[in-house]
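No experiment lies behind these values; they were computed from the predicted model shown. Here is how names work: the chains are called A, B, and so on, in the same order as the sequence lines, proteins then strands, and each is numbered from 1.
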Amino acid sequence: MRSTNLVVLACMTNKEVAVMLREVAAAFVIKNENRFRIIAYERAADSIEHQTQSVEELWKEGKIKEIPGIGPNIAQHLGELFTKGKVAHFENEKKGLPKAMFSLLNLPGFGAKKAFKLTRELNIKDSDDPFKKLKEAAQANKIASIEGFGEKSEQDILTSLESFQKKEAKLSRMLLPIAYDIATRVINYLKKSNSVIEIYPLGSLRRMVATVGDIDIAISSNQAEKVIEYFLKFPEVGKIIDKGKETTSVVLKNGVQVDIMVQPEIAFGALLQHFTGSKHHNIALREYALKKDLSLSEHGIKDLKRAKEQKSKEFSNEEVFYNFLGLDWIPPELREDTGEIEAAQKHNLPNLVELSDIKGDLHLHSNYDLKPSHDLGHNSFLEILNKATELKYEYIAFSEHNPKQSGHNISDIIDIIKRRKQTIDKINYSLKSDRVHFFNMMETDILPNGYLALPKQTFEYIDATIISIHSSFDQSSSDMTKRILKALSYSKVKIFGHPTGRLIERREGVNANWFEIFNFCKAKNIALEINANPNRLDLPDMLVREAVKNGNKFVIDTDAHQINEMNLMRFGVSVARRGWLEKNDILNTLPYSEFKKWLLNL
DNA sequence: GCCGTTTTCGGCCCGACTGTTTTCAGTCG
């Protein structure tokens with residue numbers, strides 16, 4: 001089928017839209033606009049940046065106002081942006097302000113006012129390289145003499161330029177499992193100290209976000225200095241950056257920064273809550289508390305009706321902190337201001353799935369060589385089975401990539417799949433009956449035209465197939481949707497593998513009409529995969545949430561190409577938890593007999 | 001400019017830190 005689109009305009013990324021809104025907010029700051037209008041634009045930018053779906057796609061589907069912080073005005077402006085490529089109102093607001101000012105906003109420590117003042121005082125023109133000009137001015141000591149600046153701020157600007165350039169060069173955030181492993185080593189070490197009562201990671205790591213910036217750790221202890229002394233003896237510590245009575249920062253030998261905060265037991269709850277975030281959750285929680293005349297901070301809760309009262313009420317753990325506000329304790333993975341506060345108030349929070357609920361892994365690549373279209377695995381069927389036993393699974397599936405099409409004709413491919421079945425069957429007969437059960441599956445490519453890369457005649461030699469996209473990621477949303485729906489309509493298709501095809505920080509997911517796809521999967525009893533590979537974590541959490549509201553079912557798989565990667569299941573589970581999934585939403589929590597009924601359509 | 005368990009009008013999160021200042025402005029998480 002030929003595309004009817006003669007010109008396919010590239011979609012604007014969410015990041016680009018967010019930058020545009022932040023620039024308007026910065027323009028408002030300079031023009032002394034109403035500060036709540038400024039906040040509104042910044043919130044809208046934040047919110048757009050946190051969407052996993054393309055905002056432009058949401059707009060096309062008429063759903064842009066469903067994004068929190070987007071009201072009638074901004075929605076209208078963005079509509080203009082997506083149709084005309086620019087927004088007259090935005091251009092108007094920025095008119096008369098130097099373009100260079102907006103570039104400088106990217107520097108750490110720079111807000112609208114500092115950026116504007118420096119571009120003006122240093123006479124940096126729009127055509128200049130503003131970073132270079134700024135550096136030259138700082139080096140020539142031209143900044144210290146400007147009113148409101150001094151020697152120190154001049155030095156800080158140089159440092160900030162340096163770190164900005166370094167950051168540009170490398171990945172600024174770690175993939176979740178890397179941060180998780182490092183934090184686990186630190187925590188296990190600290191737990192050996194008698195002075196430590198409780199210990200938790202903080203921030204995006206505790207919330208199990210796909211990428212993590214710094215590793216921050218909170219400790220409850222009544223002997224802060226002892227804990228810090230003990231921590232500094234951790235064998236992996238490379239350099240001590242900062243050391244205080246209750247906090248310390250170090251750089252480990254692997255270059256990762258770790259910050260520690262120690263608080264006495266009695267005040268630990270509020271600290272943990274505050275630094276776990278997210279920012280959006282905390283803002284929403286404080287707004288909620290204000291209506292009860294309560295003011296929240298990392299120190300505790302203040303009653304505003306008793307203004308004389310200086311000290312905050314303290315909380316030893318998070319549960320009493322949330323309960324004091326009339327809320328159930330909210331699991332960290334849900335703290336993103338997407339309805340969790342309301343649910344906690346109504347005692348309506350989901351009973352989230354746990355790693356221990358998982359009874360099998362359906363997406364495993366063995367080293368059985370069927371000349372695949374993509375990577376072969378490293379381990380044999382038996383090695384994978386042994387690993388599955390170690391993980392106490394009831395069942396698994398072998399799901400190699402389909403044989404590549406070039407160099408093979410249809411009968412070659414049928415032959416390969418047939419022989420693979422014979423090999424798998426042989427193992428089945430040779431093993432004792434009280435071991436891990438296994439299925440004979442494939443991971444089949446969805447070709448650009450929506451056909452599968454596996455001929456239908458092979459279907460009698462497999463139990464079921466995962467289908468996934470491994471090429472032509474940049475089709476238009478309508479073409480991509482048609483492609484996926486066509487592929488999903490084959491018999492034997494039971495799992496839609498890593499649906500968006502995203503690679504974290506490397507490749508955006510494909511554009512498609514997810515609601516149409518989710519509906520189709522639901523009707524055909526096809527599971528959406530949550531792929532636990534750290535580079536994928538796909539379906540992304542926000543789409544998981546949409547799909548579960550729609551009534552879809554899921555499987556969580558590791559997509560392991562070697563047996564060690566089968567340990568990554570917990571990160572798939574964390575995506576499921578961030579998507580509000582309960583055990584019942586996930587098919588590979590079912591016992592073998594029931595799972596088999598679903599997979600084989602019995 | 002957004003938004004709704006006091007509200008469709010009248011509110012809008014909190015504190016720390018830093019550097020420049022004599023009481024604060026800007027930025028950050």
Notebook entry, point to check: Closest nucleotide of DNA chain B for A:D293 versus for A:K65: which of these residues is on the 5' side?
Noted result: A:K65
Margin query: Run the side-chain hydrogen bond (donor to acceptor under 3.5 Å, both in side chains) test against A:H77 and tell me which residues pass, sequence neighbours left out.
Written below: A:H89
Margin query: Under 4.0 Å, counting only non-hydrogen atoms across every strand here, what does A:I74 touch: a base, just sugar-phosphate, or nothing?
Written below: sugar-phosphate
Item checked: Same-atom distance (P) from B:dC12 to B:dT6, integer angstrom -> 15 Å
Which donor-acceptor pairs under 3.5 Å do side chains of residues 269-279 of chain A form with protein atoms, sequence neighbours excluded?
| unit_1 | atom_1 | unit_2 | atom_2 | d |
| --- | --- | --- | --- | --- |
| A:Q273 | NE2 | A:N282 | OD1 | 3.1 |
| A:Q273 | NE2 | A:Y322 | OH | 3.0 |
| A:H274 | ND1 | A:R286 | NH2 | 3.4 |
| A:T276 | OG1 | A:R206 | NH1 | 2.8 |
| A:T276 | OG1 | A:L272 | O | 2.6 |
| A:S278 | OG | A:H280 | N | 3.4 |
| A:S278 | OG | A:H281 | N | 3.2 |
| A:S278 | OG | A:R335 | O | 2.9 |
| A:S278 | OG | A:E336 | OE1 | 3.4 |

Check: Would A:K346 and A:E342 pass as an ion pair if we require N to O under 4.0 Å?
Finding: yes
Note to self: Students often get this wrong, so: under 4.0 angstrom with heavy atoms, is A:R35 touching a base, only sugar-phosphate, or nothing?
What the structure shows: nothing
Check: A:D337 has an atom CG; how far is it from atom C1' of B:dC3, in whole Å?
Finding: 12 Å
Check: What integer number of Å spans the P atoms of B:dT27 and B:dT20?
Finding: 14 Å
Checklist line | Distance-only donor-acceptor check, side chains A:D259 and A:Q257, under 3.5 Å | finding: yes
Item checked: Among B:dT5, B:dG15, B:dG1, the nucleotide that comes nearest once only the side chain of A:K346 is considered -> B:dT5
Note to self: Can you check the distance between B:dG11 and B:dT5, where both ends of the measurement are the C1' atom (answer in whole Å)?
What the structure shows: 16 Å
Notebook entry, point to check: Which is true for A:H280 with a 4.0 Å heavy-atom rule: it touches a base, it touches only sugar-phosphate, or it touches nothing?
Noted result: nothing
Check: Who does B:dG1 pair with, Watson-Crick or G-U, both distances under 3.5 Å?
Finding: B:dC12
Notebook entry, point to check: In residues 18-30 of chain A, what residues come within less than 4.0 Å of DNA chain B, judged by heavy atoms?
Noted result: none
Note to self: I'd like to know if A:E66 and A:K63 make a salt bridge, using a cut-off of under 4.0 Å between side-chain N and carboxylate O.
What the structure shows: no
Note to self: Whether A:E49 and A:R22 form a salt bridge (side-chain N of Lys/Arg under 4.0 Å from carboxylate O of Asp/Glu) is what I want to check.
What the structure shows: yes
Note to self: Under a 3.5 Å distance rule, please check whether A:Y288 uses its side chain to pair with a backbone N or O of A:L325 as donor and acceptor.
What the structure shows: yes
Next item on the list: Starting at atom CD1 of A:I38, determine the distance to atom C1' of B:dT27, rounded to an integer number of angstrom.
Entry: 14 Å
Note to self: Taking any heavy-atom pair under 4.0 Å as a contact, classify A:I39: base, sugar-phosphate, or nothing.
What the structure shows: nothing
Notebook entry, point to check: Of the candidate nucleotides B:dG1, B:dT5, B:dC2, which contains the atom at the shortest distance from the side chain of A:E342?
Noted result: B:dT5
Checklist line | Polar contact flag, side-chain donor to acceptor under 3.5 angstrom, A:K94-A:N92 | finding: no
Note to self: Among residues at least two apart in sequence or on other chains, which ones pass ring-ring contact (aromatic ring centres under 6.0 Å, His included) with A:F102?
What the structure shows: none
Next item on the list: For the pair A:D156 and A:K152, evaluate salt bridge (charged side-chain N to carboxylate O under 4.0 Å, His left out) and give the outcome as yes or no after the intermediate values.
Entry: CA-CA 6 Å; A:D156 287 349; A:K152 183 68 175 70; 2.6 Å; yes
Notebook entry, point to check: Taking the P atom of each, how far is B:dC28 from B:dT23, in whole Å?
Noted result: 26 Å
Next item on the list: Determine the contact category for A:L290: base if any of its heavy atoms lies under 4.0 Å from a base atom, sugar-phosphate if only primed atoms, P, OP1 or OP2 are that close, otherwise nothing.
Entry: sugar-phosphate
Item checked: Side chain of A:S297 - closest among B:dC12, B:dT5, B:dG15 -> B:dG15
Item checked: B:dC2 phosphate, OP1 or OP2, under 4.0 Å from A:N73 side-chain N/O -> yes
Margin query: Would you measure the distance from the C1' atom in B:dG26 across to the matching atom in B:dT21 and give it in whole Å?
Written below: 13 Å
Notebook entry, point to check: With sequence neighbours left out, what residues match A:F268 under ring-ring contact (aromatic ring centres under 6.0 Å, His included)?
Noted result: none
Note to self: Could you tell me how far apart A:F275 (CZ) and B:dC28 (C1') are, to the nearest whole angstrom?
What the structure shows: 12 Å
Checklist line | Residue pairs involving residues 113-141 of chain A (criterion ring pair (Phe, Tyr, Trp, His ring centres under 6.0 Å); sequence neighbours excluded) | finding: A:F131-A:F164
Check: When you measure from every atom of DNA chain B, which of residues 99-120 of chain A have a heavy atom less than 4.0 Å away?
Finding: A:P108, A:G109, A:F110, A:G111, A:A112, A:K113, A:K114
Item checked: Rounded distance (Å) that lies between atom C1' of B:dC2 and atom CD of A:E33 -> 14 Å
Margin query: According to side chain to side chain donor-acceptor pair (under 3.5 Å), does anything in residues 141-150 of chain A pair up with another residue at least two apart or in another chain? List the pairs.
Written below: A:N141-A:E154
Notebook entry, point to check: In whole angstrom, what separates A:Y288's OH from B:dT5's P?
Noted result: 11 Å
Note to self: Does the protein touch nucleotides 16-22 of chain B at the base, only the backbone, or not at all? Give it as B, S and - per nucleotide, heavy atoms under 4.0 Å.
What the structure shows: S--SSS-
Item checked: Atom pair distance, as rounded to whole Å: NE2 in A:H274 and P in B:dC28 -> 16 Å
Contacts under 3.5 angstrom, residues 224-234 of chain A side chains, donor-acceptor by atom type, not counting sequence neighbours:
| unit_1 | atom_1 | unit_2 | atom_2 | d |
| --- | --- | --- | --- | --- |
| A:E229 | OE2 | A:K243 | NZ | 3.0 |
| A:Y230 | OH | A:Y189 | O | 3.1 |

Check: If the C1' atom of B:dT7 is compared with that of B:dC14, how far apart are they to the nearest Å?
Finding: 23 Å
Next item on the list: Would you mind reporting whether A:M12 and A:L81 have side-chain heavy atoms less than 4.5 Å apart?
Entry: yes
Item checked: d(CZ, A:R37; C1', B:dC3) in whole Å -> 17 Å
Check: Which residue pairs pass the salt bridge (Lys or Arg N to Asp or Glu O under 4.0 Å) test with at least one member in residues 24-41 of chain A, sequence neighbours excluded?
Finding: A:K31-A:E93, A:E33-A:R37
Please produce a list of atom pairs where a protein N or O lies less than 3.5 Å from an N or O of nucleotides 7-9 of chain B.
none

Item checked: Atom-to-atom span, NZ of A:K279 to P of B:dC28 - whole angstrom -> 10 Å
